[in-house]
Amino acid sequence: MKLDSKIPEGALAKKWTDYKDHLKLVAPNNRPKIDIIVVGTGLAGASAAASLGEMGYNVKAFCFQDSPRRAHSIAAQGGINAAKNYQNDGDSIYRLFYDTIKGGDYRAREANVHRLAEVSGNIIDQCVAQGVPFAREYGGMLDNRSFGGVQVQRTFYAAGQTGQQLLLGAYSALSRQIGLGRVKMFNRHEMLDLVKIDGKARGIIARNLVTGEVERHSAHAVVIASGGYGNVYFLSTNAMGSNVTASWKIHKQGAAFANPCYVQIHPTCIPVHGTNQSKLTLMSESLRNSGRIWVPKKKEDAEAIRAGKLKPTQIAEEDRDYYLERRYPAFGNLVPRDVASRAAKERCDAGYGIEANDTNEGVYLDFSSEVKSKGKEVAYAQGNHNPSEEEIITLGKKWLEEKYGNLFEMYEKITDENPYETPMKIYPAVHYTMGGVWVDYNLQSSIPGCFVAGEANFSDHGANRLGASALMQGLADGYFVLPYTVSNYLADEIRTGKISTDAPEFAEAEKNVRDSINMFLNNNGTKSVDHFHKKLGHVMWNKVGMARNEQGLKEAIEEIGKIREEFYKEVYVPGSADEMNPELEKALRVADFLELGQLMAMDALQRKESCGGHFREEYQDAEGETLRDDVNMAFVGAWEYKGQDTTKAELHKEDLKYEFIKIAARNYK
């Protein structure tokens, strides 16, 4: 396998513009002759399907939910980045580009990230035109707030539901194309294999999740926009249905899988509260704008809190350790996610955790300072220059409610604690995956005609994604990149004609899918799918989680192999193939997670450095910060599938060359 990133020559700021000017086009009268499949209808998939439909292509869009509105993109509620510099605080396209490269610990592609920064402003204009209700300042201008890893305000938001509002905007554009007949929507369908003819992606095999029918669908190009693979850990902030299957199926057909060990651990998740929990809930990173993170300075205070003998409000200010402000004074509570997560783990490992669960893991996110600060500010704005303490607190809580109300309400419903009165309890949890299917500058995988967008690809975030950049990448790919690059590929497909699903390649792919389904249904096992998924997740979190080491990774590879072996012998899947069967869906997905989990451990083992979300205990400095190896490890690790034994996968390296920025140690102090 040869990795050709197809990065164009020329000055960084002009690469994308010059490249677009020379791409091949498909004339409007020829577009209706061409079919495109889009798998996934989150922000990347819905925006791509809507854009390609608007251009006149015949689009088939697939989602396993009952509606595109259910896509997990709605969970990214904090905001979306764009370099518009509305706050006049020094932001620019270059600064967004640089912050993203630095935040990713210098393990992302320079050209892809600069393109992302370039088109970011267009996303906001597009979404405003769609009616997305972004927050506005008093004078009517769009408001911005800060997110981790930056020193400017560039995050546009819609209260605490930005992802949901952006998805509704994309969904409205998609619905218009469905109404015009340019997009055909396949709800409650799951892609179970990619079909290649003469080496090119020519369609998919999908299962109707309501009837169980296995279907063949052909196209001239396939776009995978099915999200990330965080659920390999079982417990994550992802929706229960989020999975890696679409990405993994194209990997097994020849698409390289890049940097699988790069997993983002998000610092502001509600802590685990029991062994029967099936998912975790994320509190938006936007809360770190207003909240201060702390643990008690004294271990005896932490122990008393865990025992229920002390309340956090009883801990005096001088007895609180605002450890992020102490360790990283330049950025404080707004350090990047990986830095904040590791710092929380360090404090809890040292015995200062405050949550009374099995692990004693948890820290406080406290809004009391913001309540007083904003309350006083609001009082002054109202002409009251001598407000009482009670007035300040009342006005401050009202300000918080306007900014984050739905997030506070969600927290209280889950924990039965009022975050306006008592600090939130948070702890890091698996969130986003920076790794994914390898793509070139065109977002095309190593399979011709198979494109990958959004979280499903690896391209833009390096070893750590900055907050509010997931929504930016998804919409950038769908609205402003794929319409050009997919058209460039399809310009040579005008004479191909309709692709028949009667081709032997479709028959073979369908047979393989049916055989896999029947194997699980006929297995005489005694244990549930979740039994194996939890076992896998336990190994992944403990040995391929926030901190990794050589011994643990080697053990993980071996242990996951044994779990996988037992899974195929002992898993029990009830029901039949020709009906709605959620256990069958889970079995097919967990089979892929077991293979992926091994590959993640292998990738983490070969990457002998610490960078971003990949923290190897052997590679850290005296202060516990990441220690990169820019001489030997400045590459994208892209894995080629070599059969069912994942340990036989072959690693290919794409060297990362920084021509326009200087690689430096990442410093947020």
Side-chain angles (χ1 to χ4, degrees), residues 35-42 44-46 48-49 52 59-68 70-72 183-197 200-229 231 239 241-255 257 436-437 439 443 445 447 449-457 478 482 499 501 505-517 520 577 580-582 584-593 595-596 641:
D35 301 319
I36 303 172
I37 284 173
V38 178
V39 178
T41 51
L52 294 166
V59 180
K60 298 178 185 178
F62 293 79
C63 71
F64 64 72
Q65 299 94 342
D66 57 357
S67 164
R70 301 277 190 182
H72 193 58
V183 176
K184 186 173 182 183
M185 191 68 225
F186 293 85
N187 301 332
R188 301 294 287 132
H189 279 68
E190 183 157 31
M191 170 187 161
L192 293 180
D193 209 352
L194 179 78
V195 180
K196 291 194 303 183
I197 299 176
K200 294 182 178 181
R202 291 303 195 194
I204 66 169
I205 304 297
R207 181 172 179 266
N208 183 321
L209 299 180
V210 177
T211 66
E213 184 180 355
V214 175
E215 303 171 356
R216 305 176 185 183
H217 296 274
S218 65
H220 297 88
V222 175
V223 176
I224 304 295
S226 54
Y229 49 87
N231 273 355
S242 298
N243 63 84
V244 76
T245 290
S247 295
W248 198 250
K249 296 309 184 193
I250 68 169
H251 171 55
K252 294 174 85 165
Q253 291 284 2
F257 206 96
V437 179
V439 291
L443 304 186
S445 71
I447 300 172
C450 183
F451 296 79
V452 188
E455 189 179 359
N457 75 30
L482 284 174
I499 295 164
T501 56
E505 289 85 353
F506 275 92
E508 183 183 357
E510 181 184 337
K511 180 182 180 301
N512 291 339
V513 167
R514 290 187 184 278
D515 288 348
S516 181
I517 289 170
F520 282 117
M580 185 181 288
N581 190 338
L584 175 59
E585 295 169 33
K586 283 198 289 186
L588 294 166
R589 295 167 186 169
V590 170
D592 295 329
F593 279 140
E595 295 181 16
L596 168 66
Y641 183 76

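Residues Phe257 and Ser247 share a closest heavy-atom pair of CE1-CB, 4.2 Å. Among all heavy-atom pairs drawn from Ala49 and Ala61, the shortest one is CB-CB, 4.4 Å. In terms of heavy atoms, Gly241 sits closest to Phe64 at O-CZ, 3.2 Å. Taking each heavy atom of Phe520 and Ala591 in turn, the nearest pair found is CZ-CB, 3.9 Å. The minimum heavy-atom distance linking Ser226 with Ala456 is given by the pair N-CB, 4.0 Å. Shortest non-hydrogen contact noted between Ala577 and Leu584 is CA-CD2, 4.4 Å.
Atom NZ of Lys184 has 12 or fewer heavy atoms from other residues, nucleotides or ligands within 6.0 Å.
When side chains are defined from C-beta on, Asn187 does not count as touching Asp66, because their heavy atoms never get closer than 4.5 Å. Val183 is not listed as a side-chain neighbour of Val38, based on a closest heavy-atom distance of 4.5 Å or more. Side-chain contact between Arg207 and Glu215 is absent, with no heavy-atom pair separated by less than 4.5 Å. Ile499 places none of its side-chain heavy atoms less than 4.5 Å from the side chain of Asp35. Considering only heavy atoms from C-beta on, Ser218 stays 4.5 Å or farther from Val195 through its side chain. Counting heavy atoms from C-beta on, the side chains of Asp193 and Gln253 come closer than 4.5 Å. Inter-residue side-chain proximity for Met191 and Lys249 is flagged as met; some heavy-atom pair is nearer than 4.5 Å.
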Practice prompt. Show your reasoning for whether side chain to side chain contact (heavy atoms under 4.5 Å, CB included) applies to Ile250 and Val222.
Written response: CA-CA 10 Å; Ile250 68 169; Val222 175; over 6 Å; no
Worksheet item: After noting the C-alpha distance and the side-chain angles of Arg216 and Val513, does the key distance pass the side chain to side chain contact (heavy atoms under 4.5 Å, CB included) rule?
Response: CA-CA 11 Å; Arg216 305 176 185 183; Val513 167; over 6 Å; no
Fill in: Working for side chain to side chain contact (heavy atoms under 4.5 Å, CB included), residues His72 and Glu455
CA-CA 11 Å; His72 193 58; Glu455 189 179 359; over 6 Å; no
Practice prompt. Verify side chain to side chain contact (heavy atoms under 4.5 Å, CB included) between Leu482 and Leu443, making sure each step is shown before the conclusion.
Written response: CA-CA 7 Å; Leu482 284 174; Leu443 304 186; 4.0 Å; yes
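Atom CD of Glu190 is separated from atom CD1 of Ile204 by 10.0 Å, given to the nearest 0.5 angstrom. The structure places CD of Glu510 at 11.0 Å from CG of Leu192, a figure rounded to the nearest 0.5 Å. With values rounded to the nearest 0.5 angstrom, Met185 atom CE is found 7.5 Å from Ser67 atom OG. Arg589 CZ to Asn243 CG: the interatomic distance, rounded to the nearest 0.5 Å, is 4.5 Å. The line from NE2 of His251 to CD of Glu595 is 8.0 Å long, rounded to the nearest 0.5 Å. Here CD1 of Ile37 is found 7.0 Å from NE2 of His217. Values are rounded to the nearest 0.5 Å.
Relative orientation of the Phe186 and Phe62 rings is parallel, given thresholds of 30° and 60° on the angle between their planes.
Ser445 places a side-chain N or O within donor-acceptor distance of the main-chain N or O of Cys450, the cut-off being under 3.5 Å. In this structure, Asn231 contributes its side chain and Ser242 its backbone to a donor-acceptor pair below 3.5 Å.
Remark: aromatic rings of Trp248 and Phe593 are distant, center separation not under 6.0 Å.
The salt bridge (Lys or Arg N to Asp or Glu O under 4.0 Å) test applied to Arg188 returns no partner, not counting sequence neighbours.
Using modelled atom types and a 3.5 Å distance limit, the side chains of Asp592 and Thr245 yield a donor-acceptor pair.
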